[in-house]
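Reminder, nothing fancy here: chain letters follow the sequence lines and each chain counts from 1.
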Amino acid sequence: MDDTKASSSKDFIRTIIDEDIRTNKWGGKVVTRFPPEPNAYLHIGHAKSICLNYGISQEYNGVFHLRFDDTNPCKEEEEFVESMIEDIRWLGADWGDNLFYASDYYDQLYEWAIKLIKDGKAYVCDLTSDQISEYRGKWNEPGKESPYRNRSVEENLDLFERMKNGEFDEGSHVLRAKIDMAASNMNMRDPVMYRILKVSHHRTGDKWCIYPTYDFTHGQSDSIEKITHSLCTLEFEDHRPLYDWYIEQLGIHHTQQIEFARLNITYMVLSKRKLVQVVENNYVSGWDDPRMPTITGLRRRGYTPESIRDFCSRIGMAKSDNTVEIELLEHCLREDLNKRANRVMSVLKPLKVVIENYPDGKTEELDAINNPEDESAGTRKVPFSKVLYIEQDDFMEDPPKKFFRLAPGREVRLRYAYFIKCVDVVKDEQTGEIIELRCTYDPETRGGNAPDGRKVKTTMHWVSAEHAIEADVRLYDRLFTNANPLDVDEGENWLDNINPDSLTVLESCRIEPSLKNAKPQDRFQFERLGYFCVDKDSTSDKLVFNRTVTLRDEWAKIQKSRKK
RNA sequence: UGGGGCGUCGUCCAAUGGCAGGACAGAGGCCUUUGGAGCCUCUAAUGGUGGUUCGAAUCCACCCGCCUCAGCCA
């Protein structure tokens, strides 16, 4: 990940880091980290954080850590650790040997808890969860102190020891910090440090039956790793005073936390909890469904890591709530794919064309350019014969104004091949459906140029019927119909905003034969249609393509504005 | 209702007391063997009211609006 920042101005975080370096705050060091909880799949919102943290470590010659904040054994699984590692690698971030787990620090955290007890800064509380909540008070009224708040150090030590030894039931006791029940910041009203959870942990197994809360773990984990700049999202702003309190009481390395606004994108949901519902209600096939905003979903859809990184650098970094338009993401994608994807001709909805004056049984190999944006991509041969397929959308019997494609009596160019003219339209006698076009070709226009200099309005893609291979193509559209999927009327469910047409499967599409040996994840531009990649569901007899994104489409725009 | 945070083109981000700029989106045009790509032009913003200042998006005051916090989740 070495994308150079084109922008001359720095975001507020880099401005702070510049200043810290200037004042030698951390001895010129920069150590950042990405600290996910391994309880779900990473999505593009996480990519923003990964790009930020890893990007900064690179720009400042610093160090980047990957740390799994695994403090809740009830929800965390090894499966998520593995998928996250894969996704982060794919995005291009490299943590070297700096892979950590908050659970690596459980012993240290336990010792620190004992120190706080000994210092009279923590106590074991026997209140129930509901009582603790009730005692905490309201925003505008102070809380009540727990009746267990003033137990002796000895009693607290004994009780905490017994909590650790499994002598108590879950929920019967917690260890709390003794701070200030009247604090205006709710996080300071004697927050819970440890709770009893008699479940095994994906890394520590059954060693512990008490687990530190995230709030008692996160700041100290950063501290242990000597993180200089702990970058997190806005909702942790209120927690910073608590992290600072722990760090000060413990007298350990004081990491500087800086908060930034999380990413929102139109037509997308980027909340872990909401995404779980989409998956569990089977609106999609899984976490890697190409409609999902997860890294794994985007990858399967055909996104490139470069395009996601470019997007992350373009959206900037600030503290104001923001919703980036999905068009920007798509722009970054197209821009990248335009440079790297080889062009190919594929007909999604085939319409048979017979070239009446072309010899039966003849086949020609025509030269086609693989990528006009990249000469080094070279050329290939494309077979041409008497019977072809063109796109159904490329023919209209009674064309409206501005429809430049094929129509009765009209001449168009078949890309890299010949000019053809439509001389007859064959219809199904029963349904009236157009089933075949009879055309003639001009042998003089081989390659696509007329010696007499005459012009055609359109160049169309096509495949030779005899040579084309059949494939399934999955057309994806946005998962939600509403720019803000969460915007619903009273009593309505945001899941009702799911786009019922987010997936259209096209069978028996005809693909240019050069794609016969394409492998999953291979990306192509189907000329005039969009960018597509080979899906992992492909088999040896049938390729399956995912439409990554369409090409910008002037004609579609005209049609759309006409409908309005 | 108390705390914390945030308000700049439709959207995202700049401008740190000195001509409000870029990107995406949108409109128009050029070019084109992809109605792709590329190129050009245009449209379009400082939440409000006072104040300080030669000069305010920027500093001050007040107001308005939005987000967020009352898990033994992270």
Partner of B:A70 under the Watson-Crick or G-U wobble criteria, both distances under 3.5 Å, comes out as none
Polar atom pairs between nucleotides 63-71 of chain B and protein, under 3.5 Å, N or O only, would you list them?
from  : atom 1 : to     : atom 2 : distance (Å)
B:C67 : O4'    : A:D321 : OD2    : 3.2
B:C67 : O2'    : A:D321 : OD2    : 3.3
B:C69 : O2     : A:W139 : NE1    : 3.2
B:G71 : OP2    : A:S133 : OG     : 3.4
B:G71 : OP2    : A:R136 : NH2    : 3.4
B:G71 : O6     : A:R273 : NH1    : 3.2
B:G71 : O6     : A:R273 : NH2    : 2.2

Please work out if A:T128 contacts a base, only the sugar-phosphate, or nothing of the nucleic acid, heavy-atom cut-off 4.0 Å.
base
Scanning all shown strands, the Watson-Crick or wobble mate of B:G65 with both distances under 3.5 Å is B:C6
Crowded around A:K272 NZ? As in, over 12 foreign heavy atoms under 6.0 Å?
yes
| said: Between B:G18 and B:A56, how many Å separate the two C1' atoms, rounded to a whole number? | reply: 10 Å
Exercise. Which of parallel (below 30°), tilted (30 to 60°) and perpendicular (above 60°) describes A:F100 and A:Y105?
Worked result: tilted
- Message: Please report the distance separating the P of B:G10 from the corresponding atom of B:U43, rounded so that it comes out in whole Å.
- Response: 14 Å
note: A:H461, atom NE2; B:A37, atom P; distance rounded to Å ~ 16 Å
Rounded to whole Å, CD1 of A:I558 lies from P of B:G35 at a distance of 12 Å
Check your understanding: At under 4.0 Å between heavy atoms, what does A:Y416 touch on the DNA or RNA strands: base, sugar-phosphate, or nothing?
Key -> base
Per the glycosidic torsion and the 90° limit around 0, nucleotide B:G47 is anti
- Across the strands shown, which category fits A:R343 at heavy-atom distances under 4.0 angstrom: base, sugar-phosphate, nothing? base
*Contact class for A:L175 (heavy atom, under 4.0 Å): base, sugar-phosphate, or nothing?*
nothing
Of A:L551 and A:T15, the one whose nearest nucleotide on RNA chain B sits closer to the 5' end is A:T15
Over 12 non-hydrogen atoms of neighbours within 6.0 angstrom of NZ in A:K457: no
Rounded to whole Å, CG of A:N484 lies from P of B:U11 at a distance of 13 Å
Across the strands shown, which category fits A:K457 at heavy-atom distances under 4.0 angstrom: base, sugar-phosphate, nothing? nothing
message = Tell me whether the rings of A:H239 and A:F236 are parallel (<30°), tilted (30 to 60°) or perpendicular (>60°).
response = perpendicular
Which of B:A14, B:G4, B:G35 is nearest the side chain of A:A318? It is B:A14
| message | Using the rule given for ring pair (Phe, Tyr, Trp, His ring centres under 6.0 Å), can you reason through A:Y41 versus A:F80, listing the C-alpha separation, both sets of side-chain angles and the distance that settles it, and then say yes or no? | response | CA-CA 6 Å; A:Y41 281 77; A:F80 297 122; 5.5 Å; yes
Per atom distances to the A:W555 side chain, the nearest of B:A14, B:G35, B:C72 is B:G35
Close N/O contacts between protein and nucleotides 18-24 of chain B (under 3.5 Å):
from  : atom 1 : to     : atom 2 : distance (Å)
B:A23 : O2'    : A:R314 : NH1    : 3.1

A:R415 CZ to B:U32 P, in whole Å, measures 14 Å
Exercise. Using a heavy-atom cut-off of under 4.0 Å over every strand shown, decide if A:M317 touches base, sugar-phosphate, or nothing.
Key: sugar-phosphate
Considering just the side-chain nitrogens and oxygens of A:T71, establish if one lies under 4.0 Å of OP1 or OP2 belonging to B:A74. yes
Notebook entry, point to check: Between A:R33 and A:E225, is there a side-chain N and carboxylate O pair less than 4.0 Å apart?
Noted result: no
State whether A:R528 places a side-chain N or O below 4.0 Å from either non-bridging phosphate oxygen (OP1 or OP2) of B:G35.
-> yes
Walking RNA chain B from its 5' end, the first of A:T323 and A:I196 to be reached, judged by nearest nucleotide, is A:T323
Re B:A45: Watson-Crick or G-U wobble partner, both distances kept under 3.5 Å, found to be none
By the Watson-Crick or G-U definition, both distances under 3.5 Å, B:G38 is matched with B:C30
Whole-Å distance, A:K319 NZ to B:C6 C1', equals 9 Å
- Any side-chain heavy-atom pair of A:R405 and A:M396 under 4.5 Å: no
Rounded to whole Å, the CG-P distance (A:L333 to B:A25) equals 13 Å
Original post:
Ion pair present between A:K319 and A:E237, side-chain N to carboxylate O less than 4.0 angstrom?
Top reply: yes
Atom CG of A:N140 and atom P of B:G4 are separated, to the nearest Å, by 15 Å
Exercise for the section: Name the nucleic acid region contacted by A:I132, choosing base, sugar-phosphate or nothing; use a 4.0 angstrom heavy-atom cut-off, strictly under. Expected result: base
Heavy atoms under 4.0 Å, any strand shown: does A:R405 hit a base, just sugar-phosphate, or nothing?
base
Here the distance between atom P of B:A74 and atom CZ of A:R67, to the nearest Å, is 13 Å
Original post:
So, the side chain of A:S146 versus the backbone of A:Y148: is there a donor-acceptor pair under 3.5 Å, distance only?
Top reply: yes
Would you measure the distance from the P atom in B:U58 across to the matching atom in B:A20 and give it in whole Å?
13 Å
Can you classify the ring geometry of A:F34 versus A:H46 as parallel (below 30°), tilted (30 to 60°) or perpendicular (above 60°)?
perpendicular
Once you apply a heavy-atom cut-off of 4.0 Å, does A:Y211 come out as touching a base, just sugar-phosphate, or nothing?
nothing
P atoms of B:A45 and B:G35, separation to the nearest Å:
36 Å
In whole Å, measure the gap between the P atoms of B:A23 and B:A14 for me. 16 Å
Closest non-hydrogen contact found for A:A468 with A:V463 is CB-CG2, 3.8 Å
How about CD on A:E375, more than 12 heavy atoms from neighbouring residues, nucleotides or ligands closer than 6.0 Å, or not?
no
> Counting any heavy atom closer than 4.0 Å, what does A:R552 reach on the DNA or RNA strands: base, sugar-phosphate only, or nothing?
Replying inline: sugar-phosphate
(message) Between the side chains of A:D244 and A:R240, is the shortest nitrogen-to-carboxylate-oxygen separation below 4.0 Å, so that they form an ion pair?
(response) no
If the cut-off is 4.0 Å, is A:S320 near the phosphate of B:C13, judged by side-chain N/O to OP1 or OP2? yes
Item to complete: Please measure how far the P atom in B:C67 lies from the corresponding atom in B:A74, and state the result in whole Å.
Response: 26 Å
Heavy atoms only, 4.0 Å cut-off, all strands: where does A:F403 land among base, sugar-phosphate and nothing?
base
Closest to the side chain of A:Q525, out of B:G35, B:U34, B:A74, is B:U34
By the Watson-Crick or G-U definition, both distances under 3.5 Å, B:A23 is matched with B:U11
Using a cut-off of 4.0 Å on non-hydrogen atoms, how would the nucleic acid contact of A:P372 be classed: base, sugar-phosphate, or nothing? base
When both distances are under 3.5 Å in a Watson-Crick or G-U wobble arrangement, the nucleotide paired with B:A57 is none
What one should report as the nearest heavy-atom pair of A:Y123 and A:A177 is CE2-O, 3.9 Å
When the C1' atoms of B:G48 and B:C40 are considered, how many whole Å apart are they?
39 Å
Between B:U46 and B:U8 - C1' atom distance, rounded Å: 4 Å
